Structure formats: C-alpha cells, structure tokens
K.L.:
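Could you have a look at this structure, given as structure tokens, before my questions?
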Amino acid sequence: MKLTVVGYWHGFPESKEATSGYLLEADGFRLLLDCGSGVISNLQRYTELNQLDAVVLSHYHHDHAADVKVLHYHRILRHYGEGQERPLTIYGHNEDRESFAALGYEGFVDHFPIDDTKPFTIGPFTFTFVKTDHPVPCYGMKVEHETGSFFYTADSSYIEKLAEAGQDVDLFICECSLYAGTDGSHIGHMNSTEAGKLAEKANANELLLTHLPHTGDHGQLRTEAAEEFTGPVHVARRGWTRKWN
Ligand SMILES: [Zn+2]
C-alpha cells in the first residue's frame, strides 16, 4: 500500500496546491481519499485521472469535495473523446441526501453510501468509518491493507473515540488546523497539542499532521505535537509518501 499527499491545506489551497486529497494505491487499485479544491489538478502529478477506481469522501465541505464536479467533467470528456475508461465509484455518507445524490453522474460516475456499522471493503482496502465532531456529518476512517494500516481523522475537534478507532495503526493522519493554545472545539477542529495527544492515545507508530493553517511556521506544529507524541511526527507536504511493503 502506498499513500501520497496530494493536498493538505485548511479551507483553500495555496498557489498551485490543493486542500484535502490523498492518493491510495495497492494491487493496481487507485483510490482518492477526499477531493478538495485543486486536488484534480495536483493528482495528475501522481497518476492519470482515468486510472482512478474509487473516491472516498469524509464529508461535503468544499475543502474536501469541491473537485468532485471537476472529476465528473473529466469522465464525460474522456468518454466522448476516447470512449474508454475505468468505472469510477464515489463513496460518501447519505446523511445529507442532496450532497450524496450529487456525487453520482448518470452513466459516468456511480455513487455509493458508506456504512459505519461494520468494516467496509473497497478494492483491496478495508475501511472502518467513525463519526467525528464537526459542524456537519463527517467520518474519520481506519484503512487496512494486508501490508499495513492507517487512521485518518478527517475534520474533527478532539474526541477520544478517534484514538480508540485508530488504535495501534502504523500511521495516524491527524488534522491540525490550529497552533497550540488555540481552542478549536467550537468550530470542529484540532490544534497541534490535541493531535499529538490523540496519536499517543491511539498508540500509533507515526503521526502525520495535515489540514494545516495558512499562518505561522508549520515546523512549530511539529514541535508542539512532539511534546505529546513519542513517535516520529511528520508535517504534510504535497508529494509526501508512505509506502508499506
Ligand atoms: Zn476541512
């Protein structure tokens, strides 16, 4: 299994970059985890768009789902241009029926509701979804493959059930929208101290901070999280990669 960070910015992308998007590859299957603004442009640095098999969305805020419509257009143009493409399914929750219905595009892109009551198989991966604490319904997820595992918090304020859901993973991917000392609980986001604390409670091997703020020095986020987490702390960058063999 291989994970590549396509985008990691909070809210909007910096120039030539993207908000949340992660490419997951294993056994010839390619899955995009979240599809924020700028993701479809930047994803092409790492794979051809028509090689994509599935998209999984944590929630429908624009910094996680804005480029879904752009992906629809790609499928339509490819269809009429070359008439040959792999089927694509977009997975998301069905608690916001209008947003869920908009994931599909008749005849071009399928959509399928996620289920958080039991492990969920997509290609070679097993997903276990857990609801986070965010102003709209949002799901974090543990992803397992025969080579390893990771947990992705998506967007959330600090809640310990995310540590339980991500117990003993190889990599804990935690949103880190704020610097230490800033309380994000009322907006459904975490700071660096909370990210470190959550990864430590999860007993994860490594921590990747993502969904990063547009201010300050991201190196400071690493230092702050490392005060709570005893393993290696990484800060997301476009193209950051983790490979499991
Ligand atoms: Zn977000």
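All ligand and atom numbering here is 1-based and tracks the order in the structure. Values in this document were obtained by computation on a predicted structure and should not be read as measured data.
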K.L.:
How far does OH of Tyr139 sit from CZ of Phe120, to the nearest 0.5 angstrom?
P.N.:
12.0 Å

K.L.:
Using the salt bridge (charged side-chain N to carboxylate O under 4.0 Å, His left out) rule, collect all pairs that involve residues 92-106, keeping only residues at least two apart or in two chains.
P.N.:
Glu95-Lys131

K.L.:
Using only N, O or S atoms, tell me which atom of His64 is closest to the Zn ion (ligand 1).
P.N.:
NE2

K.L.:
Report the name of the N/O/S atom of Asp155 located nearest to the Zn ion (ligand 1).
P.N.:
OD2

K.L.:
With the side chain counted from C-beta on, respond yes when Glu194 and Leu198 share a heavy-atom pair under 4.5 Å apart, and no when they do not.
P.N.:
no

K.L.:
Assert yes or no for the condition that the ring centre distance of His234 to Trp240 is strictly below 6.0 Å.
P.N.:
yes

K.L.:
Does His211 put an N, O or S atom under 2.8 Å from the Zn ion (ligand 1)?
P.N.:
yes

K.L.:
Check Asp63 and report its N/O/S atom nearest to the Zn ion (ligand 1), by atom name.
P.N.:
OD2

